[in-house]
Amino acid sequence: MRASLVSAAAAVLAFSGLASAANLTEWKDRSIYQVMIDRYALTDGSTDHECAAHLTCGGTWAGLLNKLDYIEDLSFTAIQISPIVKNIEEHTAVGDPYHGYWSLDNYALNDKFGTEEDFRKLVAELHKRDIFLMVDVVVNNMAQAFDNVIPPKVDYSKFNPFNDKKYFHPYCNVTDWENTTDYQNCWLYPYGVALADLDTAQPAVANELNSWVKGLVSNYSIDGLRIDAAKHVNDEFLPAFAEAAGVFSIGEVLTGEINDLCRYQTLNLLQGMPNYLEYYPLTKSFRYEGTFEDLDDVRNKAKTGCNDVFALGPFVENHDMPRFASASDDLALAMNAMAYVLLADGIPTVYQGQEQHFKGNGTPFNREPLWQSGYDKTHPLYVLTSTLNKLRRHAQKLSPEYTEWPSETVVVNMNHYCLRKGPQGSQIVSCITNKSSQGDNFKIVVGGFQANDPVIEVLGCTTTTADAAGSFTSYQFDGEPRVYVHADMLKDTEFCPTTTVAQGKIGAASAKGAATGLLMAVTLGWAALFLA
Ligand SMILES: *[C@@H]1O[C@H](CO)[C@@H](O)[C@H](O)[C@H]1NC(C)=O
Ligand SMILES: *[C@@H]1O[C@H](CO)[C@@H](O)[C@H](O)[C@H]1NC(C)=O
Ligand SMILES: *[C@@H]1O[C@H](CO)[C@@H](O)[C@H](O)[C@H]1NC(C)=O
Ligand SMILES: *[C@@H]1O[C@H](CO)[C@@H](O)[C@H](O)[C@H]1NC(C)=O
Ligand SMILES: *[C@@H]1O[C@H](CO)[C@@H](O)[C@H](O)[C@H]1NC(C)=O
């Protein structure tokens, strides 16, 4: 761990000369809400507009501006939005460019999302509310509709800049996803849209993109970037691009392999990435496909394999993956997944609609307009997200060490996973379970506190007291997550104005005919530490 902290510091130093705007350290305290502009809010705020999944739905920057309270009340401190530059105009065989990824002109804003004034107003209001703005940028390719005749006939003169064939790789279709040359130099998904692949290894191309992003960040006061398809450009391009931007960047590297993901940090190519390492075992452990042991294993390997797990972004949903609830619409499972994302190490990232339990499957069905929810602030997932974001901020406020305090595994077994994060007094001990709302009642013994500590469970507002070993009994029912803190941590806060003493749910258990099992969970680390 020490070695990885040292190299993390080295990675920070490597970027520090440039960070005048929001840097990695500041981003680590944040939590990100991912907004797809076309699907977040209409300018007039109406909620009855229906639209087809592959066509433009009409959401705008002004719509988002008018509905910022929804995000602020969820207690997110950053948003990540769709790319902002002008896209192609055509309706294609694979739909409209509603998502913003089909760049035509890097120097014009996307007028489907509004005017320059609308965008500037949005940025000003975000900053007034101390919400960071992360903008998605596309560097791998420009786009043009085509008629599916291979090779695509591209009119390069339509692009701004890059208005000549010489800036692009010659056409070939990516076919070998294991061959770096192939997936970096060939063209992605040639159907309906030609994603003309920029040759970012050419100095002329790299210099132009660097100069462009520097202008973009400073002209619009952008606080951070998501670099789309970072895995599909040459390695050397990335650090210079991020340095030119001068802000924290998270690069999309879609792989669950430790070495393939972590190399972007160990080689100083990128500061942060969405945490696809945890994504797969996390979702699988709720789908009868994997175990919390697998998740725990990946988490531990990433601590040494990557330089800085606190710069990764844990998530269970984004605009590319099937929604969590597409596999099971059990609400308790979704609550556990949400609790994990918000309380694990790293920069939590939640995709719009996740807090409304949207169920869309693969793209584009995972991009439902948020207005379909009526922006319901009483949804249990909305309430949970708001509470846990607030609790994380509270822990950060009490202890500057909280954010980069490595989570320790307190319990891991078939159905339960408990993590402890933060120094004594401001630690959060969170327990997730995959038992679902149909699961039976359980008690488990959980460590993570000191002898006789008064402990409060924040979601149910129940109290208990740690024993001589710092452990306590966690009563679990309805398959819901549990989140424990030291009682002193909640003094003079809005959390749990009233509490009751923690106990099992005997009535429900007998009603279901299920036996109340007692599972003596494996208490790792902490029990041993306090007995020693
Ligand atoms: C990041 O920015 C903050 C606030 O401006 C500053 O205090 C800190 O030193 C910066 N950290 C790095 C590593 O540049
Ligand atoms: C491109 O390759 C993919 C496999 O990666 C294949 O499914 C697709 O049909 C190919 N498209 C063209 C136009 O060759
Ligand atoms: C990798 O892909 C490139 C570009 O398509 C190709 O020229 C090369 O032969 C491939 N290498 C291997 C080992 O398949
Ligand atoms: C940023 O503003 C400058 C000055 O108006 C302009 O020349 C440049 O093209 C702008 N860059 C972008 C990416 O909009
Ligand atoms: C929970 O995980 C256990 C252990 O892998 C597995 O047997 C069970 O099917 C999982 N339950 C759900 C709902 O995924």
Side-chain angles (χ1 to χ4, degrees), residues 83-86 93-94 103 105-111 115-116 119-120 123 135 137-139 146-154 160-162 171-179 182-183 185-197 207-222 225 232 241 244-247 280-297 316 324-325 327-337 340 411-417 431-440 442 476 478-481 519 521:
I84 61 175
V85 306
K86 186 173 172 59
V94 280
S103 314
D105 183 351
N106 282 352
Y107 287 91
L109 290 178
N110 188 334
D111 56 10
T115 63
E116 169 154 5
F119 187 60
R120 288 190 186 281
V123 178
V135 169
V137 291
V138 178
V139 293
F146 85 119
D147 52 10
N148 293 329
V149 175
I150 299 291
K153 282 184 207 58
V154 174
N160 183 27
F162 307 124
Y171 173 79
C172 52
N173 176 24
V174 177
T175 49
D176 185 353
W177 300 86
E178 305 295 317
N179 172 342
D182 196 74
Y183 67 68
N185 294 0
C186 290
W187 297 22
L188 291 166
Y189 318 113
Y191 186 76
V193 172
L195 300 176
D197 200 85
N207 291 343
E208 164 50 37
L209 285 168
N210 295 349
S211 148
W212 165 71
V213 79
K214 191 173 177 188
L216 193 78
V217 164
S218 87
N219 290 2
Y220 299 111
S221 307
I222 292 166
L225 299 179
H232 296 282
F241 180 78
V247 289
Y280 293 104
L282 178 60
T283 48
K284 282 179 179 172
S285 54
F286 293 107
R287 291 177 185 169
Y288 308 98
E289 290 169 7
T291 67
F292 289 130
E293 277 104 346
D294 298 337
L295 174 61
D296 193 53
D297 185 49
V316 281
F324 182 85
S328 159
D329 68 357
D330 187 273
L331 181 60
L333 293 181
M335 292 177 80
N336 282 278
Y340 180 83
V411 174
V412 59
N413 62 43
M414 288 263 291
N415 296 113
H416 299 276
Y417 193 32
C431 290
I432 59 169
T433 174
N434 78 348
K435 283 189 154 291
S436 88
S437 59
Q438 304 306 310
D440 50 359
F442 259 81
Q476 307 211 352
D478 301 332
E480 291 186 2
L519 177 72

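Whatever order the structure lists them in is the order used to number ligands and atoms, beginning at 1.
Residue contacts with ligand 5 for Ser328 are absent, since no atom lies close enough (heavy atoms, distance under 4.0 Å). The side chain of Trp177, and not its backbone, has at least one atom closer than 4.0 Å to an atom of ligand 2 (non-hydrogen atoms only; side chain from C-beta on). The residue Phe292 has no part lying near ligand 5, judged by heavy-atom distances below 4.0 Å. By the criterion of a heavy-atom distance under 4.0 Å, the backbone of Val174, and not its side chain, is placed next to ligand 2.
Rounded to the nearest 0.5 Å, atoms CG (Asn106) and CG (Leu216) are 8.5 Å apart. Here Ser328 contributes atom OG and Asn434 contributes atom CG; the two are 10.5 Å apart, rounded to the nearest 0.5 Å. Note that CG of Leu209 is 4.0 Å distant from CZ of Phe162, once rounded to the nearest 0.5 Å. From Phe119, atom CZ reaches atom CG of Asn110 across 11.0 Å, with rounding to the nearest 0.5 Å.
Applying the 4.0 Å criterion to heavy atoms of Phe286 picks out, from ligand 5, the atoms 14 (O). Of all atoms in ligand 2, numbered sequentially from 1 with element shown, those under 4.0 Å from a heavy atom of Thr175 are 2 (O), 5 (O). Residue-ligand proximity, Ser285 to ligand 5, at heavy-atom distances under 4.0 Å covers atoms 1 (C), 14 (O). Close contacts of ligand 2 with Pro190, meaning ligand atoms under 4.0 Å from a residue heavy atom, involve 13 (C). Close contacts between ligand 4 and Trp212 involve ligand atoms 13 (C) [criterion: under 4.0 Å to a heavy atom].
With Glu289, Glu293, Met414 as candidates, the residue nearest to atom 7 (O) of ligand 5 on a non-hydrogen basis is Met414.
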Q: Apply side-chain contact (heavy atoms from CB on, under 4.5 Å) to Phe241 and Leu225, showing your working.
A: CA-CA 11 Å; Phe241 180 78; Leu225 299 179; 4.1 Å; yes
Q. Between Lys435 and Gln476, is a side-chain contact (heavy atoms from CB on, under 4.5 Å) present by the stated rule, with each step listed?
A. CA-CA 10 Å; Lys435 283 189 154 291; Gln476 307 211 352; over 6 Å; no
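Using 4.0 Å as the threshold, Tyr189 has no heavy atom nearer than that to any atom of ligand 2. At least one heavy atom of Gly290 sits less than 4.0 Å from an atom of ligand 5. Proximity of Ser436 to ligand 5 is not established, as no heavy-atom distance is less than 4.0 Å.
Considering only non-hydrogen protein atoms, atom 8 (C) of ligand 2 sits nearest to Asn173 ND2, 3.7 Å. The nearest protein atom to atom 2 (O) of ligand 5, hydrogens excluded, is given as Asn434 ND2, 2.3 Å; this is a heavy-atom distance. Scanning the protein for heavy atoms near atom 9 (O) of ligand 4, the closest one is Tyr107 CD2, 3.6 Å. The protein heavy-atom contact nearest to atom 14 (O) of ligand 5 is Tyr288 N, 3.0 Å.
Ligand 2 has no N or O atom lying under 3.5 Å from any N or O atom of Tyr171, backbone or side chain. Annotation: Thr291 places no N or O atom under 3.5 Å from an N or O atom of ligand 5; distance criterion only. Inclusion of Asn219 in the set of residues having an N or O under 3.5 Å from an N or O of ligand 4 is warranted. The shortest N/O to N/O separation between Ile150 and ligand 2 does not fall below 3.5 Å.
Of the possible polar contacts, none joining the Asp478 side chain to the Glu480 backbone as a donor-acceptor pair under 3.5 Å is found. Here the side chain of Ser211 pairs no donor or acceptor atom with the backbone of Asn207 at under 3.5 angstrom. With Asn148 contributing its side chain and Gly192 its backbone, the two residues share a donor-acceptor pair below 3.5 Å.
With 3.5 Å as the limit, one finds no donor-acceptor pair spanning the side chains of Thr433 and Asn415.
The nearest protein heavy atom to atom 5 (O) of ligand 2 is closer than 4.0 Å.
Ring to ring, Tyr183 and Trp177 are not that close: their centroids are 6.0 angstrom or more apart.
Contact detail for Ala332 and Ser437: the closest heavy-atom pair is CB-N, 3.6 Å. The two residues Leu188 and Leu195 make their nearest non-hydrogen contact at O-CD1, 3.5 Å.
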